[in-house]
Protein chains: 2
Amino acid sequence: VTPMAADRLSINQITLRSLPFDRAVETLVRAGIGWIGAWTGSVEKFGVRRSAKLLSNSGLRASSVCRAGFFTGKNPDGGGLDRDANMRAVDLTAEIGAETLYLVAGGVTDDKDVIGSRRAVVDGIADLVPYASAAGVMLAVEPLHPSMCADRSVVVTLDQAIDIAEHFDAAEVGVAVDTYNVWWDPTLDDAITRAGPRIVSYQVCDWLVPQPHPVFGRGIPGDGVIDIPALTHGVNAAGYCGPIEVEIFNERIWATEAPLVVELIVSRFNTSVLAPI
Amino acid sequence: VTPMAADRLSINQITLRSLPFDRAVETLVRAGIGWIGAWTGSVEKFGVRRSAKLLSNSGLRASSVCRAGFFTGKNPDGGGLDRDANMRAVDLTAEIGAETLYLVAGGVTDDKDVIGSRRAVVDGIADLVPYASAAGVMLAVEPLHPSMCADRSVVVTLDQAIDIAEHFDAAEVGVAVDTYNVWWDPTLDDAITRAGPRIVSYQVCDWLVPQPHPVFGRGIPGDGVIDIPALTHGVNAAGYCGPIEVEIFNERIWATEAPLVVELIVSRFNTSVLAPI
């Protein structure tokens with residue numbers, strides 16, 4: 001790991017899906033990685049306080065927590081908006097000292113009202129902001145890929161995420177850029193410039209051709225069609241200098257031994273994420 | 001079929017994929033439908049001149065022809081840009097008297113240059129316009145859903161399609177709106193208004209939840225989450241009053257007897273496409 005990579009490389013734990021939280025932490029520490037992207041379910045399973053202590057003792061920092069939200073539509077985990085779960089996610093984020101809490105908007109309501117669904121997202125965030133702010137937790141509005149508009153996120157472009165974030169103080173609500181979700185957007189370069197300091201998290205993975213699976217077929221940086229170094233350059237130029245999370249939903253990656261996956265990602269981080277453009 | 005539906009309902013022949021061109025024509029005529037959306041391969045297989053004569057004798061009109069293009073990336077049918085195939089598609093469109101020829105842009109080039117790929121689309125269309133114009137054929141730039149940006153179309157929003165069309169005379173190049181491809185776009189309503197008379201074709205189908213298949217899992221209007229009547233209202237308000245094509249890629253529909261599919265579409269056309277909003 002070069003000094004530059006060691007500073008900024010984070011591996012989201014979904015990339016090492018088979019490992020429980022403590023094993024994921026151990027694997028990353030052994031590889032010299034500085035950051036982990038955490039998931040609420042995994043942290044809760046290991047215990048929030050234990051997770052916080054483990055991170056503190058290991059020196060590994062949490063770059064983000066996935067996730068709260070589902071302010072509209074159906075929550076894929078069942079039911080509608082779960083305010084309590086969102087507040088618990090805020091508490092967890094604060095307790096493990098993570099930089100940001102990801103917000104996933106939720107999908108279209110049963111009455112097919114995509115505009116009303118989008119209004120509900122703003123209302124839902126407005127409801128959560130005071131609680132998050134009091135806990136010192138930065139919320140990150142993440143646009144998901146338009147292929148997930150129906151069931152997961154009516155927020156599908158970076159401009160739309162910025163519009164939502166701008167309802168709130170920049171110290172409270174920012175936006176998250178994930179290469180997989182936004183690379184196709186013809187207005188992306190302008191949106192990244194516009195976002196500027198609102199960018200509070202940056203995730204990378206690649207778009208494979210053909211797609212092995214619509215949801216669980218994302219690629220390691222370098223294996224697909226996204227010019228990730230160019231996007232990294234844009235996000236850096238906008239002023240973001242925080243951790244860069246490699247987050248890969250891919251059944252073949254999940255079937256590979258975690259240390260090998262990490263080694264591959266470290267190698268690709270220099271050639272296919274931070275490479276000069 | 002109500003008078004209004006009879007005027008505007010077109011069924012794209014891919015919806016009746018198992019039928020050869022003459023059987024598709026016969027099925028639609030029997031059902032009292034006025035329009036068919038044609039595909040080049042099927043028309044060529046039956047014979048272009050024979051197809052033209054069959055349409056002329058039957059009174060069925062071709063609302064559009066799918067498709068020319070692939071000005072960038074790889075053509076899924078093999079190779080790169082095929083100028084001869086595009087010119088043959090223009091000739092076919094003119095010969096069967098179809099209203100418009102659909103243009104599918106093509107995907108990202110091997111060097112991951114999505115911006116350069118988009119420039120190549122404008123250049124490719126510019127190259128085709130004089131030939132199409134001389135043949136009296138209107139070209140329709142169709143934005144595809146962003147899930148197809150990598151391999152089929154770097155043109156993924158209606159605004160982007162309008163930007164491209166505006167390089168050319170409105171009598172030569174327009175845009176096509178397909179509900180499935182554009183419904184997720186937060187700026188869609190403004191883009192439809194902006195497009196105005198540039199809209200030269202309108203296709204409808206629905207987005208199912210969950211998606212049975214990423215490509216071949218589209219839904220009959222009314223079965224999914226898209227508020228199609230609202231979009232139809234917007235497209236009408238923009239000034240479009242031509243045929244409305246029901247185009248459904250769905251393996252279950254393809255396994256159903258064609259007359260039943262047509263009957264279902266006629267019924268849904270009034271309740272879920274043209275319904276008052």
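Keep in mind the model is a prediction, meaning the values are calculated, not measured. The chains referred to below are lettered A, B, ... by the order of the sequence lines, with proteins before strands, and numbering in each begins at 1. For the numbers below, each heavy atom of this structure counts, side chains included, while hydrogens, waters and symmetry mates do not.
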Without swapping roles, check the side chain of [X] against the backbone of [Y] for a donor-acceptor pair under 3.5 Å.
{"X": "Tyr202(B)", "Y": "Thr232(B)", "answer": "yes"}
{"X": "Asn250(B)", "Y": "Gly219(B)", "answer": "no"}
{"X": "Thr193(B)", "Y": "Asp189(B)", "answer": "yes"}
{"X": "Thr100(A)", "Y": "Met138(A)", "answer": "no"}

Which atoms of [X] approach chain B - backbone, side chain, both or neither, heavy atom under 4.5 Å:
{"X": "Val225(A)", "result": "both"}
{"X": "Pro214(A)", "result": "side chain"}
{"X": "Asp206(A)", "result": "side chain"}

> Looking at Gly107(B), Gly224(B), Pro146(B), which one has more heavy-atom pairs under 4.5 Å with chain A than the rest?
Replying inline: Pro146(B)
>> Under a 4.5 Å cutoff for heavy-atom pairs, which residue among Asp113(B), Asp227(B), Val108(B) has the most contacts with chain A?
In response: Asp227(B)
> Less than 6.0 Å separating the ring centroids of Trp184(A) and His145(B)?
Replying inline: no
>> I'd like to know if Arg83(B) pairs up with Asp127(B) as an ion pair, taking the criterion as any Lys NZ or Arg NE/NH1/NH2 lying under 4.0 Å from an Asp or Glu carboxylate oxygen.
In response: yes
> Given the options Val155(A), Val156(A), Asp151(A), Val154(A), which has more heavy-atom pairs under 4.5 Å with chain B than any of the others?
Replying inline: Val156(A)
> Checking Ile115(B) against chain A: side chain, backbone, both or neither under 4.5 Å from a heavy atom?
Replying inline: side chain
